[in-house]
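Presented below is the structure to which this report refers.
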Amino acid sequence: MKIDPWSSTTYQDYSRLRDEFGIQEFSENLWKDLPHPHKLLRRGIVFGHRGFELIQDAITHKNPWAILTGLMPSGKMHLGHKMVIDEVIYYQSIGADIFIAVADIEAFGTRGYTLKETEEMALHEYIPNYIALGLKPEKCRIYFQSKHQDVKDLAYILGKKVNWSQMVATYGFDGSANMAHIFSPLVQTGDILHVQLEKFGGVRPTLVPVGVDQDPHIRLSRDIAQAHRLYNVTVTKDKKIGVFVKVDTNVEKLLDNAEKILTTLNFNKLKRITDYKAIYINDATEEDIQKIDEHFCKAEFESGSYGFFQPSATFHRFITGLTGEKMSSSKPESAIFLTDSPEDARKKIMHAKTGGAVTLEEQKKHGGKPDDCMIYELFLYHLIEDDKELENIYKSCKAGEQMCGNCKKYAAECMEKLLQDIQDKRKAAEKKIDQYLV
Ligand code: TRP
Ligand code: SF4
């Protein structure tokens, strides 16, 4: 099995996906102590992560951290696209620096749009919606890949540590892939890592909230970040904590510097073995690794190389389309667009697939199936904030007390409010775009 970020696959079994790709479970202990955790986190819609502990730690200790995500400006924005920005707005409210890439190079290289077309879609569709949904301009920049010289430079430079075999293994490219397409994952890596350059806030934990289809890019970015490090701070098989030099030039000098850093951190039981390019820290424990690594990252940047923190990521499930298939811009009846009129949205909801039984009698007797119901998904992902209220719907549906007609009406009402609110705000939003763009 392969995850292809450019295909339109739908995923069914998220826990299998998680296990197969070594994604960690986004368990309760990761989010329960965050300030007012967002419903997408609480409800298991964000189901997996890589390296979220770094973010949790930064939030707990009030250290700086960043969010970087991207939007693919292709077609109209629907509820499926809304999830990432809901997460971003939440993280902004708890103190993250926000960076949003408009993936115009990727849309050009992989989907055949011109840069002009993607610009139109970003400026008139996505960004106004983001603002209408509540994204604030403070500590927030939105930029176009094609116009960001630092990102493009970094993409090229980072490419030095990736070879063709790795690209084939990760993406399944073959001889017919065009070079713009092949290069686009490196641009995405440039997006993800550029926020750690001095100019953009320096080395710090960075979270990339995305749909699980983006995991290949996350793996690539994490590998590349690691590959550019000079030091590896880790625990060995026989449980010793060590700092290892990863390169073959200037080893002596790098070990000298490592010793200095460790001494200033108050580690004194150091054992240097130059042949192994190693310093063992006998008075450190596994809990110290992160802190030590942080100092080495910074020192590496100061010495003119890249000491990137490995970027963290969270992965969310995709909302199902109203018809029961994938929610997709190319099938308008499957999707609710943020620009749909409240009346159109109501009609789509009234036609949506539910988990109701064939007859009312039967539903009263055996109950409905909220787990297979698109209306319930709308509540779960977008329409109901209060967990108790959601639980009541779930239970009364299963008990056969709640009937689909009423349920749809309620969903339509909530959706009308949501869309009306976005539409009222979008007009003002168009005028504010400049405050967000770099
Ligand atoms: N590839 C993403 C998509 O298809 C868009 C994107 C570009 C992105 N750069 C990014 C996502 C950086 C996360 C981080 O939607
Ligand atoms: Fe879905 Fe509501 Fe019908 Fe239950 S009662 S199946 S939640 S529409």
Side-chain angles (χ1 to χ4, degrees), residues 5-6 50-51 54 65-74 84 88 96-111 113 115 118-119 122 126 140-164 166-168 170-171 173 177-211 213-230 297 300-301 304-314 436-438:
W6 300 291
R50 293 187 190 274
L54 272 182
W65 61 290
I67 288 279
L68 177 293
T69 192
L71 66 96
M72 172 64 87
S74 61
V84 164
V88 168
D97 299 336
I98 309 293
F99 297 82
I100 299 172
V102 178
D104 60 346
I105 290 186
E106 186 183 3
F108 171 75
T110 67
R111 311 228 169 161
Y113 288 104
L115 293 180
T118 56
E119 185 177 344
Y126 284 82
C140 175
R141 5 172 139 215
I142 304 179
Y143 67 89
F144 287 77
Q145 286 177 327
S146 70
K147 296 186 180 130
H148 202 314
Q149 197 58 45
D150 295 286
V151 166
K152 288 187 288 184
D153 287 350
L154 196 56
Y156 190 83
I157 291 166
L158 295 173
K160 180 87 177 172
K161 299 259 185 204
V162 193
N163 63 31
W164 177 236
Q166 192 179 349
M167 293 303 271
V168 171
T170 311
Y171 298 102
F173 287 131
N178 76 72
M179 292 304 297
H181 187 161
I182 293 167
F183 192 63
S184 67
L186 286 168
V187 180
Q188 181 151 343
T189 303
D191 288 329
I192 292 173
L193 295 179
H194 92 280
V195 308
Q196 296 193 57
L197 300 176
E198 194 62 51
K199 258 189 175 168
F200 302 103
V203 214
R204 63 204 185 291
T206 307
L207 177 66
V208 188
V210 280
D213 64 317
Q214 297 294 302
D215 185 49
H217 300 315
I218 299 300
R219 275 180 270 138
L220 183 73
S221 304
R222 287 172 64 84
D223 285 351
I224 290 182
Q226 197 62 28
H228 282 266
R229 293 287 305 273
L230 299 175
C297 282
E300 288 176 45
F301 260 107
S305 50
Y306 294 121
F308 294 118
F309 273 18
Q310 273 193 315
S312 310
T314 57
Y436 295 76
L437 290 178
V438 196

Between [atom1] of [X] and [atom2] of [Y], what distance do you get to the nearest 0.5 Å?
X	Y	atom1	atom2	value
D223	Q226	CG	CD	8.5 Å
N178	T110	CG	OG1	9.0 Å
F108	S146	CZ	OG	10.0 Å

Provide the closest heavy-atom pair for [X] versus [Y] in the form atom of the first, atom of the second, distance.
X	Y	value
V203	G307	CG1-O, 3.2 Å
V438	R141	CG2-CB, 3.5 Å
P311	R222	O-NH1, 2.7 Å
P209	L68	CD-O, 3.7 Å
V195	A66	CG2-CB, 4.3 Å
A122	V102	CB-CG1, 3.7 Å

Under the ring-ring contact (aromatic ring centres under 6.0 Å, His included) test, which residues partner [X], sequence neighbours left out?
X	result
F308	F301, Y306
Y143	H148, H194
F173	W6, Y171, H181

Any side-chain heavy-atom pair of [X] and [Y] under 4.5 Å:
X	Y	result
V208	T314	no
Y156	L186	no
F144	I105	no

**side-chain contact (heavy atoms from CB on, under 4.5 Å) evaluation trace for T206 with I67** = CA-CA 6 Å; T206 307; I67 288 279; over 6 Å; no
**R50 and D215 ion-paired at < 4.0 Å** =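 Looking at R50 and D215, the cut-off is met.
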Could you work out, with side chain to side chain donor-acceptor pair (under 3.5 Å) as the rule, every residue matching [X], not counting sequence neighbours?
X	value
R111	S74
D153	Q149
D97	K139, R204
Q196	none

**Item:** Any pair counted as salt bridge (Lys or Arg N to Asp or Glu O under 4.0 Å), so long as it reaches residues 187-201, sequence neighbours left out
**Value:**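 Sorted result for residues 187-201: D150-K199.
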**Item:** Sequence neighbours excluded, every pair satisfying salt bridge (Lys or Arg N to Asp or Glu O under 4.0 Å) that has a member inside residues 99-108
**Value:**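 As it turns out, there is no salt bridge (Lys or Arg N to Asp or Glu O under 4.0 Å) pair with a partner in residues 99-108 once direct neighbours are skipped.
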**Steps toward side-chain contact (heavy atoms from CB on, under 4.5 Å) verdict (I100, Y436)** = CA-CA 10 Å; I100 299 172; Y436 295 76; over 6 Å; no
**Message:** As a quick check of understanding, evaluate side-chain contact (heavy atoms from CB on, under 4.5 Å) for R229 and Q310, giving each step before the final call.
**Reply:** CA-CA 10 Å; R229 293 287 305 273; Q310 273 193 315; over 6 Å; no
Please name all residues satisfying side-chain contact (heavy atoms from CB on, under 4.5 Å) with [X], sequence neighbours left out, ordered by chain then number.
X	answer
T189	L158, L193, L220, S221, I224
V84	T69, V88, H316
A107	M72, P73, Y113, T118

**Prompt:** Is the backbone N or O of S305 less than 3.5 Å from a side-chain atom of E300, with the two atoms forming a donor-acceptor pair by type?
**Reply:**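 Here the side-chain-to-backbone pair does not exist.
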**Request:** Check the side chains of Q145 and Q188 for a donor-acceptor pair under 3.5 angstrom, ignoring hydrogens and angles.
**Result:**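 No donor-acceptor contact under 3.5 Å links the two side chains.
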